[in-house]
Amino acid sequence: MKKNISLAILAIVLLVLPLLFQSRYTQHILNMILIYVMLGISVNLIFGYIGALTLGQAAFFGIGAYTAAIISTKLGLSFLPCVLCSAVMGCLAGFIIGIPTLRLKGPYFAIATIGLNNIICIIFLNWEHLTGGAVGISGIPYASILGLQFDTERKVYFLLLVSVFLIFLLYRNMISSHYGKVMIAVRDNELAASAMGIDTAKVKVIVLAISTTIAAIAGAYYAHITNYVAPDAFPVMESITFLIIIVLGGAGFKYGPIYGAVVVVILNEYLQYFEQFNMLIYGVLIMILLLFLPSGIAGIVEIAKAKYYEKKKIYYLKEVGIDEMK
Amino acid sequence: MLKINKINVFYGNLQVLRDVSLNINKGEVVAMIGANGAGKTTIIKTISGILKPSSGEVLFEGEDLTKLKIPKITGKGIAQCPEGRRIFPQLTVEENLLMGSYTRNGDKAGKTKDYEWVNSLFPILAERRKQPAVTLSGGEQQMLAMGRALMAKPKLMLLDEPSMGLAPMLVKSIYDIVKTINAEGISVFVVEQNAFMALNHSDRAYVLESGKIVLSGTGKELLDNSEIKNFYLGKKVES
């Protein structure tokens, strides 16, 4: 009952939030947060729950964005078919990349994904008659569903909110299902997991494909919101930003992507005031946060919850993985 | 049931096992004792497919395991309880146990029955059902690892150093459980440094020294063997 009330309050806040801000700029930030939540979910699945450090997620984001851009401008398909095509491309790319690279352990997988990201960027830049080269593709139409045009930031917000909600539901069900436990088993001890009879390579590739599908869907939304894609939007640095979202938010925690996306997008925007110092401040902030909060914001929330339950003498042992609790 | 035929195993250039042959019959408890670095764990790892021998074969019910991948070997009915336990720290006790029955898709009734059986073997696990495994003590973790292996409904269970780091009282109860498991018709292959415990609780035993099997016999025979007494049981024997 109490949970339902808080959920209802959360829903109301999320629905009126864009109405509170008049400026287009603030609304744009809200939309970016939602896109980054999708990307955070995508990275959390592969990094947080499988433990494969990916530094190439922007490549799949880019594949999704370019697929949507090319299909909508060259073939004239509408928004939903574009998202579907992007998802399929993202999924295929995930399988094709995952089958050879996920055999690599630890840092080697990370290095392979950096290489992949650079290759994809070079393809975007040089396959000119398809991708438009350095100029990119402009004139991508606004998203529209059944004649309803999402041509203002505020309308886009509601479109994104619904989409993020649906993706989040799928993601939540996945990680709390038996398959989610299998993922955690593979992450925590791959050898023991395979001794249980789990085909760990298969689990990893499937999760990577799901994760890249989500990244590609985010890319399709991005293309339709900004009406423009160019190769410089998907560098390795962008992949690192996605990773920072998860590390700050809490890798392997359900709500990690949400906390992370909110903090990272807002930080990125406000640090623009410091001009050339912004990356310096950003870096120092992240270092401090990682030193004092190795399990991210979700980690603090879990500690706070545990303390609260302890105070109320409720036996609370559901979530772990936080050093302070051991 | 399990027959190992002259296997040679290398770590890089270093030969760890030299022409090791042994067999485990149905319903037996077979022990392997030996000092640190003798290659005991290597044998377990070779049976479970983590290491591949450069020559020789590992036959389980007539089928060569050396050609199979690790998950497939588990599916054949060999469950292992690795050294250092290797439980899944972030999963709860219950989830750990259910992970053990991963290969038994569809057999829901059997899983439930075995889950209850495991909980009756280790009442402490039932008590700690909802706790993450990382919060368990060493002995409880050992029990969890054994329970998890049993959830696979194995024909043969491999136990690697079950007494490692446990208090003597606990070691005794672990071996009592080995006896109970064996009474259910599950063969057990136990690798141990604690020679006295292992020999006392096994039908037959092998002694491994520097990658070679130097002695074998029934548990009782080996317990009375003067060399074993000198080297493994720490009793001075006048000769």
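In the text below, chain A, chain B and the rest are named by the order of the sequence lines, each starting its count at 1. The shown structure was predicted, so the numbers you read here are calculated from the model rather than taken from an experiment.
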Visitor: I'd like to know if the side chain of R204(B) reaches the main chain of N23(B), judged simply by a donor and an acceptor atom lying under 3.5 Å from each other, with no hydrogens or angles considered.
Guide: yes
Visitor: Measure up the Y255(A) and F168(A) rings against each other and bin them: parallel (under 30°), tilted (30 to 60°), perpendicular (over 60°).
Guide: parallel
Visitor: What part of I198(A) gets within 4.5 angstrom of chain B, counting heavy atoms only: side chain, backbone, both, or neither?
Guide: both
Visitor: F253(A) and Y259(A): aromatic ring centres closer than 6.0 Å?
Guide: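 No, the ring centres sit 6.0 Å or more apart.
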Visitor: Check whether NZ of the Lys or CZ of the Arg R103(A) lies under 6.0 Å from the centre of the six-membered ring of F109(A) and within 45 degrees of that ring's axis.
Guide: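 Checked: cation-pi criterion not met.
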Visitor: Apply side chain to side chain donor-acceptor pair (under 3.5 Å) to Q57(A) and S42(A), showing your working.
Guide: CA-CA 8 Å; Q57(A) 212 69 4; S42(A) 130; 2.9 Å; yes
Visitor: Under 4.5 Å, heavy atom to heavy atom: which of residues 43-76 of chain B reach chain A? Give them by number, or say none.
Guide: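 Answer by number: I50(B), I70(B), P71(B), T74(B).
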Visitor: With chain B as the partner, which of V182(A), T200(A), D199(A) has the greatest number of non-hydrogen pairs under 4.5 Å?
Guide: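 Heavy-atom pairs under 4.5 Å are most numerous for V182(A).
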Visitor: Just so I know, are the side chains of E192(B) and M32(B) near enough to count as touching, which here means a heavy-atom distance under 4.5 Å?
Guide: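 Counting from C-beta outward, E192(B) and M32(B) never come under 4.5 Å.
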Visitor: Name the option with the most non-hydrogen atom pairs under 4.5 Å to chain A; the candidates are M151(B), E95(B), Q80(B).
Guide: E95(B)
Visitor: Does any N or O in the side chain of N182(B) come within less than 3.5 Å of the main-chain N or O of I186(B), such that one atom is a donor and the other an acceptor?
Guide: yes
